[in-house]
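Throughout, a chain's letter reflects where its sequence line sits, starting with A, and its residues are numbered from 1. Keep in mind it's a predicted model, so treat the numbers as computed, not measured.
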Amino acid sequence: MAKYQEQQLRIYNSLSGKKEKFIPINEGHVGMYVCGPTVYSNVHLGNCRTFMSFDMIFRYLKHLDYKVRYVRNITDAGHLEDDADEGEDKIAKKARLEQIEPMEVVQRYTVDFHNILQKFNFLPPSIEPTATGHIIEQIEIIKEILENGYAYEINGSVYFDVVKFNETHEYGKLSGRKLEDMISNTRELTAQDEKRNPQDFALWKKAEPQHIMRWPSPWGDGFPGWHLECTAMSTKYLGETFDIHGGGMDLKFPHHECEIAQSEASHGNSPVKYWMHANMLTMNGKKMAKSTGNNILPDEIFSGENDILSKPFAPSVVRFFMMQAHYTSILDLSNEALLASEKGYHRLMDAIVLIDGLTSSKTSSIDLPAWKQKCYDAMNDDFNTPVLIAVLFEGVKFINQIKEDKAQVSETDLKILSDTMNQFVFDVLGLESTTQLNASSDKLGGVVALLIQLRNEARANKDFATSDKIRDELADMGIQLMDGKEGTTFSIT
RNA sequence: GGCAUCGUGGCCGAGUGGCUAGGCACAGCUCUGCAAAAGCUUGUACAGCGGUUCGAAUCCGCUCGAUGCCUCCA
């Protein structure tokens, strides 16, 4: 029996504003599309949080035995500097500034993106398509929208006619905006603007002669609008209507609103059953922005080379920190918060290392099956990772109590404890252990075991100067000794 | 200015009509040669002001503040 048949997942749907039962279109299968990065600079930490949220969601869906097709695109063309559709393409601008080919920009920052995600232990998506690889599909959609009368061509560019669309459809239903309000809040069109209305958006932009990113089309050489690629690629790989579409909260309007409009205007179907939006990451209470200097790159956190944090933090610690907040909440990054998470993370990992050494009893003094279900209940409630982590810390307490003989578990229950801890910590949350050394399998572990032995001999001889020297100097190196009833163990901090 | 989300104990962060979230920090106890680790115990918090209710941190209204998007300005 597949796990999804036993667990009822509920998802907060941005479109309805409510938590809804998750029922996929095709039983046992999930199609999920997430708007990926525009690769014109190093991926920033806020982007990582969004993608990490959907990585966790991907992992849990897989854990529930769904067959998931997860599509996350790379935007390598068409994302303009401002949404007035008058700015320069972000990648073309970067290429011009650095005097390199646009595809060099794309390559450089795609590699960076993948490197960072790998450090954060992301699962690769099923398909990672690029905008430039789907120009033909985008042109086909534009043709359909033109045929259906929801777009117009002018001077080699094609614009989506939002006003016309809104006469028969509801533009703004995702973001809660009303077209009338938007129009009344907008100034007069400037004389040179080609658009009929300021709300219209570009499907295809004519390439000026100096433009290096250009493709032929029925309307002349040009390049596609930013919103179109996601419609083209999600339709191609997931169908006209699919289960989950995700992205950052900041993409809700206009990007996702435009995607809905494009789908409905081309093939007539609403594209997505469950819209999911991950919330923003702030730092020290303020939004992260390069312009204000309130910004940090993932590698700067890992290396400690920054002016904001007191020490380096491992990718898994940052991941744990992010998982301690719900994906729909704003999360504030600070030195204190990271330090606190790091300690909690080590407590969790240290407990997991102990599981294999635990001994079972005839009966259990704690209810492990009920505890296991609490883990699922947390995740079934719109992927509530902070509550899951709280339940996992109950597991940590159980592990330590069993080790100290203050609780007993049967062999069956011990397996539940072990399997559940491992599955949720590593498979679902995607954390990695940094304390995997142990005395039997590792040279360093053997060296530490020898030092522990020497220290215990010194203690037996009441030579506490020597024993404390060993303990304290190992601690300075990041190896902490822990004296327990069963002898001394250690962990790497 | 508009739309949206949100304001929880020293810090981070769940919950959302009546019942302990959790982590970090702090204090006491147990253990220890002393520590650390671990276990046990303790914390009566929900921006402010009104309203609904037997009962609100949780619902409604207003005010203040934060964040994102849009707009405006530069």
Side-chain angles (χ1 to χ4, degrees), chain A residues 12 14 17 19 46 50 82-84 172 174-187 198-199 248-257 277-289 294 320-348 350-351 354 374 377-378 381-382 384-407 455-456 458-465 467-468 471-472 474-475 479-486 488-491 493:
Chain A
Y12 179 84
S14 302
K19 279 184 198 168
T50 296
D82 63 60
D83 287 321
L174 179 66
S175 54
R177 283 156 210 253
K178 292 209 177 341
L179 187 59
E180 307 84 74
D181 297 344
M182 289 162 60
I183 291 169
S184 64
N185 280 329
T186 313
R187 283 193 166 184
Q199 286 70 37
M249 198 77 92
D250 50 345
L251 298 182
K252 207 172 181 180
F253 187 90
H255 186 56
H256 292 157
E257 204 71 73
H277 290 97
N279 218 137
M280 303 290 104
L281 181 71
T282 59
M283 187 160 71
N284 295 322
K286 290 179 192 142
K287 74 166 177 177
M288 281 189 149
N294 198 41
F320 178 76
F321 164 73
M322 291 186 177
M323 290 292 127
Q324 274 187 303
H326 189 77
Y327 76 94
T328 57
S329 297
I330 294 170
L331 173 63
D332 187 54
L333 182 99
S334 65
N335 194 49
E336 291 71 27
L338 274 175
L339 285 169
S341 284
E342 185 177 49
K343 291 200 175 181
Y345 165 79
H346 282 301
R347 201 160 96 83
L348 179 64
D350 289 348
L354 296 174
K374 280 168 78 178
D377 290 345
D381 185 15
D382 196 27
N384 198 325
T385 53
V387 170
L388 171 67
I389 289 172
V391 178
L392 291 175
F393 272 105
E394 281 183 43
V396 169
K397 191 194 257 188
F398 295 155
I399 290 165
N400 287 317
Q401 284 177 334
I402 295 163
K403 177 170 174 270
E404 306 229 329
D405 279 333
K406 288 176 176 165
R455 171 168 169 266
N456 283 338
R459 290 171 73 200
N461 295 330
K462 300 214 187 296
D463 179 7
F464 297 122
S467 69
D468 288 355
R471 176 225 283 161
D472 295 341
L474 281 175
I479 297 172
Q480 186 177 57
L481 302 187
M482 294 170 293
D483 296 329
K485 283 195 167 67
E486 311 284 317
T488 303
T489 55
F490 66 95
S491 73
T493 56

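- Atom CG of Asp382(A) and atom P of A14(B) are 12 Å apart (whole Å).
- Checked for salt-bridge contact, Arg347(A) and Asp350(A) miss the test: no charged N lies under 4.0 Å from a carboxylate O.
- Atom CE in Met322(A) sits about 15 Å away from atom C1' in G13(B), given to the nearest Å.
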Please determine whether salt bridge (charged side-chain N to carboxylate O under 4.0 Å, His left out) holds for the pair Arg455(A) and Asp483(A), giving the CA-CA distance in whole Å, both sets of side-chain angles, and the decisive distance to 0.1 Å. CA-CA 11 Å; Arg455(A) 171 168 169 266; Asp483(A) 296 329; 3.1 Å; yes

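- Among the heavy atoms of the strands lying under 4.0 Å from Asn384(A) are primed sugar atoms or P, OP1, OP2 only; no base atom is included.
- Across all strands, Leu331(A) comes closer than 4.0 Å only to sugar-phosphate atoms, never to a base (heavy-atom distances).
- With a 3.5 Å ceiling on both atom-pair distances, the Watson-Crick or G-U wobble partner of U5(B) is A66(B).
- Across U16(B), A36(B), G33(B), the shortest atom-to-atom separation from the side chain of Met482(A) is found for A36(B).
- Leu354(A) places its CG atom 14 Å from the P atom of A37(B), with the value rounded to the nearest Å.
- Residue Lys462(A) is classed as having no contact, given no heavy-atom separation below 4.0 Å to the nucleic acid.
- Residue-to-nucleotide contacts include a donor-acceptor pair under 3.5 Å from the side chain of Asp468(A) to the base of G33(B).
- Atom-to-atom, CG of Leu388(A) to P of G23(B) comes out at 14 Å; the value is rounded to the nearest Å.
- Taking the C1' atom of each, U58(B) and U52(B) are spaced 14 Å apart, rounded to whole Å.
- Looking at heavy-atom distances under 4.0 Å, Ser467(A) makes contact with a base.
- You'll find a donor-acceptor pair under 3.5 Å spanning the side chain of Arg177(A) and the base of C69(B), going by distance alone.
- Donor-acceptor pairing under 3.5 Å, judged by distance alone, is present between the side chain of Asp483(A) and the base of A35(B).
- Within 4.0 Å (heavy atoms only), Phe464(A) reaches at least one base atom of the nucleic acid.
- In this model, the phosphate group of A25(B) is approached by a side-chain N or O of Lys343(A) to a distance below 4.0 Å at OP1 or OP2.
- The interatomic distance linking Tyr345(A) (OH) with G23(B) (P) rounds to 18 Å, in whole Å.
- Residue Arg471(A) is in base contact, counting any heavy-atom pair closer than 4.0 Å across all strands shown.
- When Watson-Crick and G-U wobble pairs are counted only if both distances are under 3.5 Å, A14(B) pairs with no nucleotide at all.
- Contact between the side-chain N/O atoms of Arg347(A) and the OP1/OP2 oxygens of A25(B) is not found at any separation under 4.0 Å.
- For the pair Gln199(A) and C70(B), the criterion of a side-chain N or O lying under 4.0 Å from OP1 or OP2 is not met.
- Side-chain polar atoms of Thr328(A) and Asn279(A) form no donor-acceptor pair below 3.5 angstrom.
- A gap of 25 Å separates the P atoms of A37(B) and U44(B), to the nearest Å.
- Look at CG on Asn279(A): it is 13 Å from C1' on G7(B), rounded to the nearest Å.
- Using a 4.0 Å cut-off, no side-chain N or O of Lys406(A) falls inside it from OP1 or OP2 of U30(B).
- At a cut-off of 3.5 Å, with distance as the only test, a side-chain donor of Ser341(A) or Gln324(A) sits close to an acceptor on the other residue.
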